[in-house]
Amino acid sequence: MEKRTFLKTGLFLGIAAATTSFLEACKTAAKTSSSAGASADKPTLPPPKLRRTTPFTLPSLGYDVAALEPHIDKMTMEIHHDRHHNAYVTNLNDAVKDTVYAEYELEDIVARISTSDADKKIRNNAGGHWNHSFFWQTIAPGGGNAPSGNLTAAINTTFGSQDKFKEQFTAAAKGVFGSGWAWLCVGKDKKLFISSSPNQDNPLMLNVSKQIGAPIIGLDVWEHAYYLKYQNKRPDYITAFYNIINWKVVSERYEKAMG
Ligand code: MN
């Protein structure tokens, strides 16, 4: 139990810390790129100092597979976590072998991955591993807790109201054609924005994403995330998602991204 808690906390802190340093890294990289004549929108990060010495592993959900019922059913969670997420982890470990990314931490791969064909398998599986690790923590049994005061104020300022935020986020999630994700992010200007990404791309992918930012909410709208219970009714799944958003975690991510 202690080990489980430690691993969970470790993963959370890892992702949260990466998100915090991410916006700082963007600034540094943008400055470096500008001085080198490259576009500030496509910063190139230097190789990371950290070296990873163990394979990527599947993180635990942190709650029971049935705990999100009735919003997300047990079988979907089992298949989604134990098979889909696990496959991203396995394939990522395979894909990074003998590449420049072999000893990079997950966040370092995600930030540096390119749109080249050579990087495609790593891009898909590193994104898949990062996005799902983030998603399991974005949701929690019961949900129901509220955003922090600062995040509530930021949502109201940016979108007009909490309901208007939901409307816009729902539209983004519904609007993903095929497989992808909807995101609520903190941008480099420290303002909130909503975006979406295809496949397993995400807003941390500096060389891939059209809108760069630190995600604080991510919603998986691949059919595997909802099809068993909701079939083709993606809007019903999105509505259910609002019942299980872990606003405590989302608010902590917001505070960290704001520095
Ligand atoms: Mn998924």
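Quick note: residue numbers are just sequence positions, from 1. Numbering of ligands and ligand atoms starts at 1, following listing order. As the structure is a prediction and not an experimental result, all values here were calculated from the model.
Residues W222 and H132 place their aromatic rings such that the two centres sit no closer than 6.0 Å.
Nearest N/O/S atom of D220 relative to the Mn ion (ligand 1): this is OD2. H132 contributes NE2 as its N, O or S atom closest to the Mn ion (ligand 1).
Using modelled atom types and a 3.5 Å distance limit, the side chains of R234 and Y226 yield a donor-acceptor pair. A donor-acceptor contact closer than 3.5 angstrom is absent between the side chains of N125 and Q200.
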(request) Please test K248 against E252 for salt bridge (charged side-chain N to carboxylate O under 4.0 Å, His left out), starting from the C-alpha separation and ending with a verdict. (result) CA-CA 6 Å; K248 182 170 183 292; E252 285 165 2; 3.0 Å; yes

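Inclusion of H224 in the first shell of the Mn ion (ligand 1) is supported: an N, O or S atom falls under 2.8 Å. The Mn ion (ligand 1) has no N, O or S atom of H84 under 2.8 Å away, backbone or side chain.
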